[in-house]
A.B. asks: 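Starting off with a structure, shown below.
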Amino acid sequence: MRETDPRSIAGKLPAPDRHVPLVVVGAGAAGVAAAIEAARAGVEVVLIDEHPVDNDMMAMDVPLCFGQRMDGSVRNRALMLERVVETNPELASAHEAGVDVQLGTYVWGAFVNGPAVQELPVPMLGLADDRRSWLLGYDRLIIATGARDVLLGFPGWERAGTLGAGGATALLTRYRALAARRLVVLGSGALGLHTAEVALEHGVEVAGVVEVGPQVRGDSATAKTLATRGVPFFTSHTIKAARGRTGEIESVVIVGVDRDGTPIAGSEREIACDAVCWAIGMVPNVELLHLVGARLRFVSSLGGFVPDVDARMGTSVPTVFAAGDCVGFHDAVLGDPEIARAQGRLAGRIAAESLGARVEVGAGRGVPATQTATAEVHTYWRAWLDSLIAAGGWDVNICQCEEVTRRELVETKPPRYLKWQSPQMSARTVTTLLRDGPLNQDQIKRLTRAGMGPCQSRRCREQVGLLLAQAAGTTIDRIPLPTFRPPIRPLPLNVLWPADEPAAMREEWVSWFGIPTQFSPHWTAGMAIDEPTAHARLIMSDE
Amino acid sequence: MADMASTHGAAVVIVGGGVTGLSTGWWLARAGVDVLVLEKGIVGWEASGRNGGGATHVYSPFGLEEQRLWPQMDELLGYPTEYQPYRIGVALSEAQLALARRWAEIGETRGFRWQLLDRRQLKELVPIVGDNAIGGTYLHFGGHANPQRTVQAYAWALQDHGGRILQHTTVTGLSQRGGRVTAVETTRGAFSADVVVIAAGPQTGAFAEMLGVWLPLAPARVEMIATEPIPLMHVGGVAGNGLYGRQTLRGNLVYGGGPHEWINVPDMATPEHANTPLVRNLARRLAELLPGAAHVRLIRSWSGLVENTPDGLPVVERLAQPENVVIATMSSVGFGLSPAVGRAVSELVRHDRCQFADLGALALGRFGDTPRDWRERAGWTASSSAVEAASAGDD
């Protein structure tokens, strides 16, 4: 007969507010296709998407790097909701297919039982809007969370106007709320050219496409068309600084570089612009996959850490599937949304079948394109980073939230606000840390605070990884993935808190274990130990 | 690597690079003792580096030494610990005020000063408390530090004094001969030792068992949350409403508390950390404690694994048999006391006795009659469903 410790968590974790057979996270091409497929097979599906994201979240560059270039309309929630629906016609199809579509809803946590947690009644997601949070239980989960921006720092990048391709595109196409008229694009691969095209289509001038390599990386016909529309291309160039009299970007300075990224003296050129957009790649959003315990592996050509998925889009967790950009981001999927849709449909079908639904396989339903990407993106990102260091030096912030420079990172300096100096500390660097074992990004985060701010390392994760790999004389795939913990969206305490708690949660709440003798003064009788059964009663008694 | 390992040992080998083992190693190294710390992962990676950072344990036999040492630790170590003095207890009810007063009065018994605060005084010191606070206590003793920075400071300072740390090295056995442990066996070979210190947190009990010593320990998982930074308060050590924690020098509010989960730790492996929806209840408690910060964003949560003895008190003892082994488990309250405990363990290693505190009450002998199924009797076990799942897996 098992006793229960009333101060333990046993029986206190609530059942989810709602339970559905299938939850799809992310209403991009893959997510919507998955939801529709499963719904048509008769499965009850909830499709969740965080867009429209509220203004405060956008201001923190979450989930994409919006670079403070949102116009005032993003504060109008109703209008934004309207636009997000209007610009994603597939949402209407999902609604018609019977999918319960929940927009403006953040997924901030996933909770599953495992070796260290065994008290959850069912697997569940933590959800929230801008007012409250709740829990949603599921039998099957399809993760289609897309990809996020990759940013690298240069002097002045803290100014309003430094965006990522994802943030810029979302503001242009989904929110129609980009507060910029003249854009410089960094990167000339498919993503850079695509970003320039989208900008032009929406009436934003493209003041230049900058490429660190000697040639335009993307499709030459596309580049040619852009050039004929007046877009200047600056190959063998890097960005040296962003300038402005206030906190806003008013121009950028670019500089020519030679083959190894070294700036060429006298080649600086200042370009007037109000925004500069990193478009050198995107990283699969694997936070949720990590939280549910799906196995991840590093594949540079897919953008970094990606889930191990089988031919049926199943992850290593039997109840969890993944589809779309979060499975791997590369030029082919950027160019052809049908790949994501096919992955989504397959995930939706397999998930539905696993729930016992009978699925008719329609004609012409392609099997998802296999991940054939081969281009190693991290080598390219490294080339950019090398050029930025050569042009801008080591004393440039890589972490904006915590104001940590490249130098402070690789020298493992304690944060500036501690004003700490000692000869011992000065002698410590990433190199000395390496003598104790392989580098761990989480350990260095804690020491330097790089990546510990409210943007939850969205703006610095890749540069921190690249710099640590460089300092360690290794490659980025050897630097372990830093952990993700809920909330994976920065949400206020008074949004996350539960409106009510189980009575036992409140009544039995103690700050630490509630063992009566644990904090008894050692000079009192509280220290005395009774024979064990009496002691067991003591443990069970009230304080 | 194996060659190096098999031919190397140390005068003192410490099993476990948590805060207790690291502090012990540092005290020994600064006394000129040849010391080697073996850590299965990264130093201070478990509860040692992810706790509330409190350093206010005057009830403990190590309490006075804790209070004496903390203000000197930055200087002694040569690295920052972010130690900050004083604590403020906020009470939202008469029961909470009585509890806060009890902590204060225990300090007073030991000669420390404290003040009872009415609501107005409390609000002056902590402007973000709300009208729901009825008063509090201001302890002119105690304090808190940054656990992550402190564990690294111990590790680095230990190395500065010539001590060695081997990370990613799992201890697999203890070789005994002639009533002594002669070597510590690891995944990187065996390390000979004159004296062995076992400070392996939740795994300490399993090592004790290898030596035929009964040390009842129950591992549990606890959770904490951290907010984005807010402007610094006069005193960062503000706690109450069933929460422990602090405001960091960066400004983040970092708090834990509430129900723990008893778990099983098979095969000395540390399970992957994970959080539960309890983070929402922690958020609620924190917003109640500091309503002026209710709008502040939560940006992180984490969990840690701690161990408890049946009475929640440490075991710090040099064994009678084998006589060259010291066991140190702090029963889930190790961080704040670490400067003093490390010193005590180093004295047990060097002199067979602790010269500054009476450790009699922390001896293993008190568990001599504790039955093997004490965890079941106390309900300190993993959930029954988990037990069923585990036994089903055995079939």
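Chain naming here is simple, since letters A, B, ... match the order of the sequence lines and numbering starts at 1 in each. Everything numeric here is computed off the predicted structure, so don't read it as measured data.
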A.B. asks: Start with the C-alpha gap between A:Q518 and B:S332, add the side-chain angles, then the distance that decides, and say whether side chain to side chain donor-acceptor pair (under 3.5 Å) holds.
C.D. replies: CA-CA 9 Å; A:Q518 187 146 45; B:S332 79; 3.1 Å; yes
A.B. asks: Which atoms of B:T169 come close to chain A, meaning under 4.5 Å heavy atom to heavy atom: side chain ones, backbone ones, both, or neither?
C.D. replies: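 For B:T169, neither part sits under 4.5 Å from chain A.
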A.B. asks: Of the backbone (N, CA, C, O) and the side chain (C-beta and beyond), which part of A:R446 lies under 4.5 Å from a heavy atom of chain B, both, or neither?
C.D. replies: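 For A:R446, the contact with chain B is made by backbone and side chain together.
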A.B. asks: Is the A:F519 ring parallel, tilted or perpendicular to the B:W103 ring (thresholds 30°, 60°)?
C.D. replies: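 Geometry flag for B:W103 against A:F519: tilted rings.
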A.B. asks: Hey, is A:E119 close enough to A:K12 for a salt bridge, meaning N to O under 4.0 Å?
C.D. replies: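 Salt bridge between A:E119 and A:K12, a charged N being under 4.0 Å from a carboxylate O: no.
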A.B. asks: Looking at chain A, which one of B:G52, B:P80, B:A287 has the largest number of heavy-atom pairs inside 4.5 Å, strictly under?
C.D. replies: B:P80
A.B. asks: Does a donor on one side chain sit under 3.5 Å from an acceptor on the other, for B:N275 and B:E223?
C.D. replies: yes
A.B. asks: Could you check whether any side-chain heavy atom of A:L120 comes within less than 4.5 Å of a side-chain heavy atom of B:P277, counting everything from C-beta outward?
C.D. replies: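 Side chain of A:L120 against side chain of B:P277, heavy atoms only: contact under 4.5 Å found.
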A.B. asks: Got a sec, which residues hit side chain to side chain donor-acceptor pair (under 3.5 Å) with B:E108, two or more places apart in sequence or on another chain?
C.D. replies: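 Side chain to side chain donor-acceptor pair (under 3.5 Å) list for B:E108, sorted by chain: B:W114.
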A.B. asks: Chain A heavy atoms under 4.5 Å from B:S60: which part of the residue, side chain, backbone, both or neither?
C.D. replies: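 B:S60 touches chain A through backbone heavy atoms alone.
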A.B. asks: With only heavy atoms counted, which part of A:L496 is less than 4.5 Å from chain B, the side chain, the backbone, both or neither?
C.D. replies: both
A.B. asks: Strictly by modelled atom types, are A:D61 and A:Q400 linked by a side-chain donor-acceptor pair under 3.5 Å?
C.D. replies: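 No, no side-chain donor-acceptor contact under 3.5 Å.
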A.B. asks: What part of B:V58 lies closer than 4.5 angstrom to a heavy atom of chain A: side chain, backbone, both or neither?
C.D. replies: backbone
A.B. asks: With chain B, which of A:Q456, A:R435, A:M124 has the greatest number of heavy-atom pairs at distances under 4.5 Å?
C.D. replies: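 Going by pairs under 4.5 Å, I would pick A:Q456.
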A.B. asks: Using a cut-off of under 4.5 Å on heavy-atom pairs, state which of B:W45, B:W302, B:Y255, B:Y244 scores highest against chain A.
C.D. replies: B:W45
A.B. asks: Heavy-atom pairs under 4.5 Å with chain B: which of A:R485, A:R428, A:E501 has the most?
C.D. replies: A:R428
A.B. asks: Using a cut-off of under 4.5 Å on heavy-atom pairs, state which of B:L305, B:I263, B:V296, B:D358 scores highest against chain A.
C.D. replies: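 Answer, by heavy-atom pair count under 4.5 Å with chain A: B:V296.
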A.B. asks: Could you tell me which portion of A:R506 (side chain, backbone, both or neither) has an atom closer than 4.5 angstrom to a non-hydrogen atom of chain B?
C.D. replies: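 Looking at A:R506, backbone and side chain both touch chain B.
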A.B. asks: Would B:R110 and A:W523 count as a cation-pi pair here, with the cationic atom under 6.0 angstrom from the ring centre and within 45° of the axis?
C.D. replies: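 Ring-cation test returns yes.
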A.B. asks: Between B:D160, B:T276, B:L243, who has the most heavy-atom pairs with chain A when the cutoff is under 4.5 Å?
C.D. replies: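 Most pairs with chain A among the choices: B:T276.
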A.B. asks: Under 4.5 Å from any heavy atom of chain A, what part of B:Q152 do you find: side chain, backbone, both or neither?
C.D. replies: side chain
A.B. asks: Can you say whether A:Y417 sits under 4.5 Å from chain B via the side chain, the backbone, both, or neither, judging by heavy atoms?
C.D. replies: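 Only the side chain of A:Y417 comes within 4.5 Å of chain B.
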A.B. asks: For B:N308 and B:W380, does a side-chain donor sit closer than 3.5 Å to a side-chain acceptor?
C.D. replies: no
A.B. asks: Which heavy-atom pair separates A:V404 from A:T448 by the least distance, and what is that distance?
C.D. replies: CG2-O, 3.3 Å
A.B. asks: Which region of A:Q421, side chain (C-beta onward) or backbone (N, CA, C, O), has a non-hydrogen atom less than 4.5 Å from a non-hydrogen atom of chain B, or is it both or neither?
C.D. replies: neither
A.B. asks: So which part of A:A128 gets closer than 4.5 Å to some heavy atom of chain B, the side chain, the backbone, both or neither?
C.D. replies: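 It is neither, since no heavy atom gets under 4.5 Å.
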A.B. asks: Under 4.5 Å from any heavy atom of chain A, what part of B:R164 do you find: side chain, backbone, both or neither?
C.D. replies: neither
A.B. asks: Does A:L136 reach the side chain of A:P16, with side-chain heavy atoms less than 4.5 Å apart?
C.D. replies: no
A.B. asks: Taking the side chain as every heavy atom from C-beta outward, state whether A:V62 and A:P490 have any atom pair closer than 4.5 Å.
C.D. replies: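 Contact flag for A:V62/A:P490 side chains = yes.
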A.B. asks: Heavy-atom cut-off 4.5 Å, strictly under: side chain, backbone, both or neither for A:C401 against chain B?
C.D. replies: backbone
A.B. asks: Just give me the residue among A:F111, A:W509, A:W497 that pairs up with chain B most often, heavy atom to heavy atom, under 4.5 Å.
C.D. replies: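 Most heavy-atom pairs under 4.5 Å with chain B: A:W509.
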A.B. asks: Could you note down all residue pairs passing salt bridge (charged side-chain N to carboxylate O under 4.0 Å, His left out) where residues 255-264 of chain B supplies at least one of them, sequence neighbours left out?
C.D. replies: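 Counting only pairs at least two positions apart or across chains, the salt bridge (charged side-chain N to carboxylate O under 4.0 Å, His left out) contacts touching residues 255-264 of chain B are B:R221-B:E261.
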A.B. asks: Where does B:L282 contact chain A at under 4.5 Å (heavy atoms): side chain, backbone, both or neither?
C.D. replies: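 Interface part for B:L282: both.
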A.B. asks: Side chain, backbone, both or neither: which part of A:Q443 has a heavy atom under 4.5 Å from chain B?
C.D. replies: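 Contact with chain B: backbone and side chain both.
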A.B. asks: Can you tell which of A:G114, A:P415, A:G109 has the highest number of heavy-atom pairs within less than 4.5 Å of chain B?
C.D. replies: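 Top option by heavy-atom pairs under 4.5 Å: A:P415.
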A.B. asks: Looking at chain A, which one of B:Q159, B:R102, B:E228, B:E272 has the largest number of heavy-atom pairs inside 4.5 Å, strictly under?
C.D. replies: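 Of B:Q159, B:R102, B:E228, B:E272, B:Q159 has the most heavy-atom pairs under 4.5 Å with chain A.
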A.B. asks: Side-chain contact test, heavy atoms from C-beta onward, threshold under 4.5 Å: evaluate it for B:Y79 versus A:Q424 and give yes or no.
C.D. replies: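 They are in contact (side-chain heavy atoms under 4.5 Å apart), so the answer is yes.
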A.B. asks: Identify whether the distance between the nearest side-chain nitrogen and carboxylate oxygen of B:E46 and B:R50 falls below 4.0 Å.
C.D. replies: no
A.B. asks: Between A:M60 and chain B, with a heavy-atom cut-off of 4.5 Å, which part of the residue counts as in contact: side chain, backbone, both or neither?
C.D. replies: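 Only the side chain of A:M60 comes within 4.5 Å of chain B.
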A.B. asks: Can you tell me which of A:I488, A:V112, A:N113, A:N440 forms the most heavy-atom pairs within a distance under 4.5 Å of chain B?
C.D. replies: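 Answer, by heavy-atom pair count under 4.5 Å with chain B: A:N440.
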A.B. asks: Examine whether an atom of B:E82 lies under 4.5 Å from a heavy atom of chain A, and if so say whether it belongs to the side chain, the backbone or both; otherwise answer neither.
C.D. replies: side chain
A.B. asks: Among A:P454, A:S422, A:P487, A:G437, who wins on heavy-atom pairs under 4.5 Å with chain B?
C.D. replies: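 Top count of heavy-atom pairs under 4.5 Å with chain B: A:P487.
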A.B. asks: Using non-hydrogen atoms and a 4.5 Å limit, figure out which bit of B:H260 sits close to chain A: side chain, backbone, both or neither.
C.D. replies: both
A.B. asks: So for B:R375, is it side chain, backbone, both, or neither that comes closer than 4.5 Å to the heavy atoms of chain A?
C.D. replies: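 Interface part for B:R375: neither.
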A.B. asks: Please identify, among B:P271, B:S303, B:P291, the residue contributing the most non-hydrogen atom pairs under 4.5 Å to chain A.
C.D. replies: B:P271
A.B. asks: What part of A:L433 lies closer than 4.5 angstrom to a heavy atom of chain B: side chain, backbone, both or neither?
C.D. replies: side chain
A.B. asks: At a 4.5 Å cut-off on heavy atoms, which part of A:L447 comes close to chain B: side chain, backbone, both, or neither?
C.D. replies: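 For A:L447, the contact with chain B is made by backbone and side chain together.
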A.B. asks: Taking the side chain as every heavy atom from C-beta outward, state whether B:W374 and B:F367 have any pair of such atoms under 4.5 Å apart.
C.D. replies: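 Sidechains of B:F367 and B:W374: no contact.
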A.B. asks: Evaluate the salt bridge (charged side-chain N to carboxylate O under 4.0 Å, His left out) criterion for residues A:E402 and B:R250: first the C-alpha distance (whole Å), next the side-chain angles of each, then the deciding distance (0.1 Å), finally the verdict.
C.D. replies: CA-CA 9 Å; A:E402 300 291 315; B:R250 174 68 176 97; 2.6 Å; yes
A.B. asks: Would you name the heavy atoms of A:T483 and A:R461 that are closest together and state the gap between them?
C.D. replies: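 It is O-NH2, 3.9 Å.
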A.B. asks: Contact between B:L298 and A:W108 at the side-chain level, heavy atoms closer than 4.5 Å - yes or no?
C.D. replies: no
A.B. asks: Measure distances from B:N252 to the heavy atoms of chain A and classify the residue's part below 4.5 Å as side chain, backbone, both or neither.
C.D. replies: side chain
